[in-house]
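Here the structure comes first, spelled out in structure tokens, and everything after it is commentary.
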Amino acid sequence: MKNKLFVMSAASGAGKTTLKDKVIGEFPDIVYSISATTRKPREGEVDGVHYFFKTKEEFEKLIKEDGLIEWNEVHGNYYGTPKFFVEDMLRQGKRVLFDLDVFGKVNFDKVYPDATGILILPPSEEELERRLRGRGTDSEEVIRLRLENAKKEMEFAKTKGKYEYTIINDDLERAADELRAILKNR
Ligand code: ADP
Ligand code: 5GP
């Protein structure tokens, strides 16, 4: 399983979606695992592409039926990794890239301990706030909650997380090169 599964984590707004979208097309053998969530879709987000958007009841049914590798409540919503997709992709010989919060990653490691962890950091707290605001997708209340959680998440990641790589996403091109190098490293 080594070098088959890659897990990216970051504080919200650090830029992991941007980085992932920039490089994933260059690796035909890597697929992105689409998570299930109870968060409402942002403008432009498509069900089955960005997430599988679920009601709370549907999500709780998935948990009960053991359909998730891991799940967690993040910023007030449920997020989880569907089992069927990963197992199917591994059978097909694909590699899989995940986007998990830092606490979900710990539970993920219990199932797949060899997964490669990649922590994406913003250059500073101020820049993280600028990016969250600049993205223009979240209310002031949601931005506040995400910034508050970012501190706890990064503290946890640095002390208790298992991340083989850390990428500081200051210059996007350089950060993308670092991600490419990790994904190439088989
Ligand atoms: P995440 O998926 O980690 O929550 P996003 O990929 O949505 O974060 O990025 C948050 C915002 O920051 C977006 O508006 C994106 O365009 C911007 N952004 C991402 N990376 C950089 C970068 N290296 N420099 C400047 N802005 C960036
Ligand atoms: P967003 O709402 O910005 O898309 O994502 C919020 C947070 O949820 C991010 O930290 C992201 O990594 C995390 N997340 C997305 N999918 C999953 C998942 O399947 N499991 C867990 N544990 N976290 C996830």
Side-chain angles (χ1 to χ4, degrees), residues 5-24 32-54 59 62-63 67-86 96-112 115 117-139 141-154 156-157 161-163 166-179:
L5 305 177
F6 297 86
V7 179
M8 296 169 78
S9 300
S12 182
K16 65 187 165 338
T17 308
T18 307
L19 272 172
K20 180 262 293 176
D21 287 348
K22 200 168 165 64
V23 307
I24 196 163
Y32 177 65
S33 166
I34 303 164
S35 299
T37 185
T38 58
R39 172 167 74 63
K40 297 276 171 291
R42 293 180 185 135
E43 204 176 313
E45 281 185 335
V46 178
D47 188 38
V49 176
H50 299 92
Y51 281 105
F52 295 110
F53 293 101
K54 305 279 180 199
F59 197 98
L62 269 178
I63 298 173
L68 301 173
I69 295 173
E70 62 71 45
W71 63 274
N72 192 21
E73 195 177 331
V74 193
H75 316 312
N77 288 296
Y78 286 140
Y79 294 81
T81 308
K83 254 186 198 172
F84 76 93
F85 180 79
V86 181
V96 189
L97 178 64
F98 302 82
D99 172 348
L100 307 182
D101 87 292
V102 296
F103 306 108
K105 164 74 163 63
V106 173
N107 293 329
F108 185 89
D109 285 345
K110 292 177 191 156
V111 185
Y112 293 113
I118 308 166
L119 185 65
I120 315 285
L121 296 178
S124 66
E125 279 179 36
E126 293 73 26
E127 176 62 14
L128 183 68
E129 183 162 355
R130 253 194 303 279
R131 286 184 191 173
L132 269 179
R133 292 192 193 289
R135 187 165 69 186
T137 53
D138 304 292
S139 66
E141 191 190 346
V142 168
I143 289 174
R144 282 274 137 232
L145 177 67
R146 286 176 176 235
L147 287 171
E148 199 49 51
N149 289 341
K151 294 186 190 126
K152 299 175 206 156
E153 289 165 357
M154 290 311 102
F156 181 87
K162 186 179 86 65
Y163 292 93
T166 301
I167 299 176
I168 298 177
N169 181 22
D170 44 8
D171 177 67
L172 184 61
E173 294 305 326
R174 206 217 67 254
D177 276 344
E178 287 186 23
L179 181 58

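Both ligands and their constituent atoms are indexed starting at 1 by order of listing.
- For ligand 2, one of its N or O atoms has an N or O atom of D99 under 3.5 Å away.
- Nearest protein neighbour of atom 16 (O) of ligand 1, counting heavy atoms only, is T18 OG1, 4.1 Å.
- Protein heavy atom at the shortest distance from atom 2 (O) of ligand 1 is T17 OG1, 2.4 Å.
- At least one heavy atom of Y51 sits closer than 4.0 Å to an atom of ligand 2.
- Atom 18 (N) of ligand 1 has its closest protein heavy atom at R131 CD, 3.9 Å.
- Put simply, no part of A10 is less than 4.0 Å from ligand 1, judged by heavy atoms.
- Annotation: R135 places no N or O atom under 3.5 Å from an N or O atom of ligand 2; distance criterion only.
- Put simply, no part of D99 is less than 4.0 Å from ligand 1, judged by heavy atoms.
- Among all non-hydrogen protein atoms, the one lying nearest atom 7 (O) of ligand 1 is R135 NH1, 2.9 Å.
- At the top of the distance list for atom 23 (N) of ligand 1, counting protein heavy atoms only, stands N169 OD1, 2.8 Å.
- Neither the backbone nor the side chain of L19 comes within contact range of ligand 1; no heavy atom lies under 4.0 Å.
- At least one heavy atom of A14 sits less than 4.0 Å from an atom of ligand 1.
- Geometric assessment of K20 against the ring of F6 yields a negative cation-pi assignment under the 6.0 Å and 45° thresholds.
- Residue contacts with ligand 2: S9 is excluded, as none of its non-hydrogen atoms falls under 4.0 Å.
- We find the CZ-OG1 distance between R135 and T18 to be 8.0 Å, quoted to the nearest 0.5 Å.
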